[in-house]
Each structure stands twice: as C-alpha cells, then as structure tokens.
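These notes concern the structure reproduced below.
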Amino acid sequence: MPESEVRVNDNQMGAAPGENASEQEYERIKHLTALLNRASEAYYNQDTEIMSNLEYDKLYDELSALEEKTGIVLAGSPTVHVGYTAAEDLPKERHASPMLSLDKTKDRFALTDWLGGHEGLLSWKLDGLTVVLTYEGGTLQKAVTRGNGEIGEVITDNARVFKNLPLRIPCKEPIVLRGEAVIRYSDFNEINAELEAEAARTGDFSDVGYKNPRNLCSGSVRQLNNQITAKRRVRFYAFSLVQAGTLSFDNSRQRQMEFLREQGFETVEYVRVTPDNVADKVGEFEARIAQNDIPSDGLVLTLDDIAYGESLGTTAKFPRNSIAFKWADEIRETTLTEVEWSASRTGLINPVAIFEPVELEGTTVRRASVHNISIVKALKLGIGDRITVYKANMIIPQIAENLTGSGSLAIPVECPVCGQPTMIRQDNDTEVLVCPNPDCAAKKIKSFSLFVSRSAMNIDGLSEMTLEKLIAAGLIHTFADIYHLDAHRDVIEEMEGFGKKSCDRLLEAIEKSRETTLPRVLCAVGIPGIGISGARILCSHFGDDLAKIKEAEIEELSGVEGIGPVLAQNVYAYFRESGTAEPFDALIGELHIVRAAVEDKPQILAGKTFVITGKVNHFANRDALKALIVSLGGKAAGSVSAKTDYLINNDVTSNSSKNKKARELGIAILSEEDFLAMIGERNG
C-alpha cells in the first residue's frame, strides 16, 4: 500500500498498517471507501441513487469507526472529502475558505450539552445544492457551487435566474454569503409533469425521471444553458454571511440573518434557542415536516456568538460552531408480499415494493419505491422476505434492510404494458430495467393526455386511465385514430368501467371536438415548447392561416414576438419531419377548424406587451388572461425586458425577481383590478 494512501493517528505514527489493522479490516476500509464514493458520485454528479440515505449513513459510520480504530484513512475517503467532484463542463474556482461538512447527531438532548450554556440559532437543514454568492457595489458578481468543498463550479448566469434571488442589493460593501438552492415539492411535482409531457411530445426522455427535488435542483443549477435553469423555479435561501466588508453585527449570527433579509434575501427559517428549550424546539420543527414545502433532511444548530464560535476552530472536516441534527428514523419490520414493476413514459420499468401495512410517523405505509435493479440486487429481495422499512427524512417510504436476503426475486423479461422483451441497461454505475419498444403504450399515454386536455382538444371522458386501456387494446396509434373509435364501439362497451351509455358519451365528446380552433390544434399535437399561449401568438401573427405557419422559414418564425429562435426551430422541424408532419396532416383531415370568435373585439391593447406572474383571481388561469390580452391586440411574453409595457402581478409590492426587474426598467406593475380597469371591464 503506497504511503500516500494512508493517514495515521499521531500516537500510531511510524507503525506499519498491518500492525494496527487486520488484513480483513484494511480490505473493508478499501471497499467502503470505494462504495461510498461511487454512491456520492451517483447522487451528486449523476442525479441518481444506488443506495438509500439510511444505508449510506450506516456504511459511513462503519467506515468512520474502522478508521478511528486502525488509524488508516485512505486518500479520497468520504470522511475527509466533502461534496462532489466538480463536473467537467462548467468553469471551476477555488473557494477563498474551505466549505466544510457538519458533524451530526440524532439525539436532540445532545444539543443541550453541545450549546454548553450558550444560545444558538436552530434552522432547517435544506436538501438542495449549496451556493456561494459574491456581491460587489451592491451587484451580484459571482455564484459558485460547493463542489468538493475546496473547488466549485461557477454558475453565475444560472444564479441570475433563480426565482427569488436579488441581483442588486442596497449594501454597497463587498459581501459573501452562503445558502441553499432548492426546488419546492409543489414546484417539483409540476415540473416533473411538464417534463414528462414534453418528453412524450418529443420522444426525448433524457431529462425525465427525477426522483426527488434535490436531484432535479442539482441538474437544474449546473446547466450550461440558463434558459433551462429559469424554467425549473429554483429558489435560494441564505443561511450564513461569510464576509461583509467593514460592517459590524454586534457579534450575533441572528443580526447577520436579519441583515440578509434587509438586503432582499430569503433566509432559511430559524428560531433562537437556549440549552433549556432546544429539545422542545426540535420537536416543533419535527411536527411541521409533513407540511413543509421546502425539502429538508434535518436541522442545523449554530452558535449565535460569532467570536466564541470561531474561537473553537475546526476539525479536519467539521467546523465546531455548528452541528447538524438528523431525525432518528422510526423503523418497522414487515413482510414483502409483491414487487410491482411500473412502466413509465421514459421507458424505465421501476420496481415498487408492496408489503404488509405498517404504521410509520403517524401514517399507514404499504409501498416503497426500490428505484432500480442495482438496489433490488443489493437488498437481495424475494417475495416473503422479512424487511424493515422507514421514512427517509420522515416523508418518503424506503426499505432499510432485508432480514431474510433470499435474493429470489425474478426480474421481468417482458414489459408489463406491451409484453415486449425487456433489457437491463447500465446507466452510469446503476443497472436499470427498460422497455426498448418505441411503440410501448406506456410511452404514448402522456402525449395523448395532452391532446385531449381542456386547453387542447377538450375531449371529456378520455382520462389517462381510459387512454391507457384504449392504447393497450391497440385502438389508438395516432391522434387521428381517436376520431375512428366509433368503429370499435363493441370493443369499448365491453371494457372495464364502460357500458353503452358511457361509450355513447365518449363518442359524442369526440365528435363535438371535431369543430375547433387552430390554436387548440397546435397546442394539442405537442410541438415542443408550444402551449396554448404560444399557439395563440403564432395564429395571431399568421392570421390563423395554417398553410403560412407550415411553410414559414426559421427566420420568419423567430421574428414573431414571444416565439424566439428555439421555439421557431421546433415549429419548423415539426412540419418538416415525416414522423410528425404526416400524422398531423391525417389529423387535420378529421377536423373542422373555425376562427376563434374574438375578431370583433376592439384592439385596444395593440402594440402593448404584457408579462403575467403570480396567481390570478378573476381568470381560470394565466393562459385565460393571456388569451384575453391577445384577443384585444396585445402580446403576452414570458419574461420582463425593455420591450415590456406592463407586468401583471396581484402582489404589486413583492420583491419577486420580475417585480424587481420591472422597477429597474421603469415598467408599470398592475394588479388584475388595475388591468381590468384599464380595459374597462372592472367588476364592482
């Protein structure tokens, strides 16, 4: 073993590794170091998981104990290296001071002793990507990820499009702060649905299948194209001030946090605690986990006294002025009764464990995702095995351990949806089960679901479940096939959940949808990036002339306000590729396209460009408001620019990024009431 591979404790200096550790212990240290590093690489760089958080923590603790016992710490050990290796594509930069990890405890009463008579700040430990921001002269100059703790990736352009990040602040002193970039659970669910719908339209599933907000956030923040980052609704929550020029904060971390809020930053939620109440405050945070929209994997306790905290110094990996609290997992034993193999639109076939119901964290749990074949094999699963289960971060059910370890579970050789042969694919270091059949019904459901949706063809009765049945039965292959379902009436009436009446209603709804408008059709067929708003913009520009839209060159399409070069390329390609153009022409032959009855409205908004943000109260959704603007001659854009005339936001005083940019550009910010008054339709 090369000398560079080990670090020994001072009292063992000079001893050969074999004198402090058995060969078995040394081999175990090598194995754990390599395994944990592979897991970190998958989690941080590849946005996937090859083991659960519980298993990682268990193996990490085992490695740490072995290193402590033997004095051997291999180069690259996860106990001394922090974070991930910076990816190759983004610029790299060394941090002015190392970004250390935090020591941790699962004993809330140990926090009382840790405070040692001092007061502290207790806050959520957010589960995202740590980012360091530098402001000079009140302007954001630089954003760098944590990386491996010493070298991070420069993501300044991406940080500029975070939803809530101030680009300018009142303080002109040079300041450096740290915080967490996160995607909220509510946004994560919506974005995943949007990505799946987009993948169904394009057939490109490379950007689909994020299992949690943290993975999606990591992939979003470290993009080379910040237009993608902007769509992912990434938010930044500050948690510490590193440098602040000559400013003084009365030696208080709490005062620093208040200062950050005064500058327009959203900070991580925190409370001030003492040794007497810290355990109770942990309980208060715990009671709110299920309702917390921001992903969290524990709490952080930081000493409020800045000077005292800094005087404690650091260990090789941990600062001594802060400590992480991780929830003690409630674990229950049960029996694995089934593994359900769920085919997705991405082609992945994901295993889901079904087990005898158990009570965990106050709820009844019966199912847990196993994620991939690698985890199935690592757990040595088999039907009837005794397993233990828990909720990761007290939210997501996971298998902790297989007590039986039979390893008898058969991996399906046929897709559960289309029946075609499956294959096991190596995805980085992870084995996944996939259906390679391009015509698998599971891959088509989302595209058809978009087609029949309310803003598209508006066919009532064609739910996703019904579509799945019709596709699986071979009755639907293209959009045009929907308009020939009447030829299969006898088959549909015999399907589960159907009968003569429900079949009649479905066929009537389909027949009714034949008369429609061109914007609805363009939205329905799934041209990448073209929703109902973009479709209306196109139709308005080309006068509802489908032939002109189909024949338009990229340059002409790019010149349409609100379309731009990327969407222009998508529209151009859609009408020139046989895989989409031919089915589109077949669909058009089934429809009667009429002009939307809006032409008689006075064009009082002609020449005006509006941007809409936030929730709406007087309209069904923002698309409905955009439609009204377009019908009155105006334009609806997606982002605030010098060409914007008005920003519509019911929270006119908020510090959202769009509001701030509008103020900087001198653009009027209107509430819905203001807008309705402008067009003479104010109610009451």
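These figures come from a predicted structure and were not determined experimentally. Heads up: numbering here begins at 1 and tracks the sequence. Computed over heavy atoms, backbone and side chain alike; hydrogens, waters and symmetry mates excluded.
Within the 4.5 Å cutoff, no side-chain heavy atoms of Val452 are placed close to those of Met457. The side-chain heavy atoms of Asn649 and Lys658, taken from C-beta on, include no pair separated by under 4.5 Å. Between Phe448 and Ile482, the closest side-chain pair of non-hydrogen atoms falls below 4.5 Å. Looking at Val300 and Val268, their side chains never come closer than 4.5 Å, going by heavy atoms from C-beta outward. Residues Leu129 and Arg222 meet the side-chain proximity criterion, which asks for heavy atoms closer than 4.5 Å. Taking the side chain as every heavy atom from C-beta outward, Glu284 and Val271 never approach each other to under 4.5 Å. Side-chain contact between Phe498 and Leu506 is present, with at least one heavy-atom pair separated by less than 4.5 Å. Between Trp327 and Leu299 the shortest side-chain heavy-atom distance falls below 4.5 Å.
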Original post:
Can Lys163 and Ile183 be said to form a side-chain contact (heavy atoms from CB on, under 4.5 Å), step by step?
Top reply: CA-CA 10 Å; Lys163 292 286 290 184; Ile183 293 176; over 6 Å; no
**OP:** Give the C-alpha distance, both sets of side-chain angles, the deciding distance and a yes or no for side-chain contact (heavy atoms from CB on, under 4.5 Å) between Leu587 and Thr478.
**Re:** CA-CA 8 Å; Leu587 170 66; Thr478 69; over 6 Å; no
Subject >> Intermediate values then yes/no, side-chain contact (heavy atoms from CB on, under 4.5 Å), Ser449 and Leu467 >> reply: CA-CA 7 Å; Ser449 182; Leu467 284 167; 4.2 Å; yes
**OP:** Please test Glu664 against Lys661 for salt bridge (charged side-chain N to carboxylate O under 4.0 Å, His left out), starting from the C-alpha separation and ending with a verdict.
**Re:** CA-CA 5 Å; Glu664 291 169 6; Lys661 190 167 185 179; over 6 Å; no
Subject >> Audit row: Phe239, Leu177, side-chain contact (heavy atoms from CB on, under 4.5 Å) steps and yes/no >> reply: CA-CA 8 Å; Phe239 58 67; Leu177 66 146; over 6 Å; no
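With sequence neighbours left out, Asp293 forms a salt bridge (Lys or Arg N to Asp or Glu O under 4.0 Å) with Arg184. By the side chain to side chain donor-acceptor pair (under 3.5 Å) test, Arg160 is found to be paired with no residue, residues two or more places apart in sequence or in another chain being considered. Not counting sequence neighbours, the partners of Arg514 by the salt bridge (Lys or Arg N to Asp or Glu O under 4.0 Å) test are Glu511, Glu590. In this view, Ser639 satisfies the side chain to side chain donor-acceptor pair (under 3.5 Å) rule with no residue, not counting sequence neighbours. With sequence neighbours left out, the salt bridge (Lys or Arg N to Asp or Glu O under 4.0 Å) criterion links Asp585 to Lys550.
Formation of a donor-acceptor pair under 3.5 Å by the Asn570 side chain with backbone atoms of Pro528 is found in this model. In this structure a side-chain-to-backbone donor-acceptor pair under 3.5 Å is missing from Ser218 to Asn215. In this structure a side-chain-to-backbone donor-acceptor pair under 3.5 Å is present from Ser296 to Gly298. The closest donor-acceptor contact from the side chain of Thr267 to the backbone of Ala238 lies at 3.5 Å or more, if one exists at all. Without hydrogens or angle criteria, Thr139 side chain to Arg168 main chain gives no donor-acceptor distance under 3.5 Å. Side-chain N or O atoms of Asn158 include none that pairs as donor or acceptor with a backbone N or O of Thr229 at under 3.5 Å. For Gln263 (side chain) and Cys171 (main-chain N/O), a donor-acceptor pair under 3.5 Å exists by modelled atom type. Here the side chain of Asn458 pairs no donor or acceptor atom with the backbone of Ser513 at under 3.5 angstrom. Under a 3.5 Å cut-off, the side chain of Ser220 and the backbone N or O of Leu216 do form a donor-acceptor pair. Asn659 places a side-chain N or O within 3.5 Å of a backbone atom of Asp651 that can act as its donor or acceptor partner.
Closest approach of Lys172 to Ile169, counting heavy atoms only: NZ-O, 3.6 Å. Minimum heavy-atom separation, Ile667 to Ser641: CD1-O, 3.4 Å. The two residues Ala181 and Val131 come nearest to each other via the heavy atoms CB-CG2, 4.1 Å. Here the closest non-hydrogen pair linking Ala535 and Leu522 is CB-CB, 3.9 Å. In terms of heavy atoms, Asp544 sits closest to Arg595 at CB-NH1, 3.3 Å. Heavy atoms only, all atoms of each residue included: Ile459 and Tyr483 are closest at CD1-OH, 4.0 Å.
No more than 12 heavy atoms of other residues, nucleotides or ligands lie within 6.0 Å of CD in Gln227, so this atom counts as exposed by the packing criterion. The local environment of NZ in Lys660 is crowded, with over 12 non-hydrogen atoms from other residues, nucleotides or ligands closer than 6.0 Å. In the displayed structure, Arg454 atom CZ is contacted under 6.0 Å by at most 12 heavy atoms of other residues, nucleotides or ligands.
Between Trp124 and Phe285, the ring planes lie perpendicular to each other; the angle is over 60°, past the 30° to 60° tilted range. Aromatic ring pairs are classed by plane angle as parallel below 30°, tilted from 30° to 60° and perpendicular above 60°; the pair Phe236 and Phe162 is parallel. Between Phe584 and Phe575, the angle of the ring planes goes over 60°, which puts this pair in the perpendicular group of the 30/60° scheme.
Interatomic distance, CD of Glu269 versus OH of Tyr237, reported as 10.5 Å (0.5 Å rounding). With values rounded to the nearest 0.5 angstrom, Cys539 atom SG is found 12.0 Å from Arg520 atom CZ. A distance of 7.0 Å separates OG of Ser656 from CD1 of Ile669, quoted to the nearest 0.5 Å. Rounded to the nearest 0.5 Å, atoms CD1 (Ile648) and CE (Met678) are 7.5 Å apart. A distance of 11.5 Å separates CG in Leu133 from CD in Gln141, rounded to the nearest 0.5 Å. Residue Leu121 holds its CG atom at 12.5 Å from NZ of Lys281, rounded to the nearest 0.5 Å.
Salt-bridge formation is not detected for the pair Asp297/Arg214: no Lys NZ or Arg NE/NH1/NH2 atom is positioned less than 4.0 Å from an Asp or Glu carboxylate oxygen. Salt-bridge formation is not detected for the pair Glu508/Arg505: no Lys NZ or Arg NE/NH1/NH2 atom is positioned less than 4.0 Å from an Asp or Glu carboxylate oxygen.
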Listing, residues 552-559 side-chain donor-acceptor contacts under 3.5 Å, not counting sequence neighbours, or none:
{"unit_1": "Ser558", "atom_1": "OG", "unit_2": "Ile554", "atom_2": "O", "d": "2.8"}

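With ring centers used as reference points, Phe675 lies 6.0 Å or more from Tyr646.
In the model, Thr145 has a side-chain atom that pairs as donor or acceptor with a side-chain atom of Glu153 under 3.5 Å.
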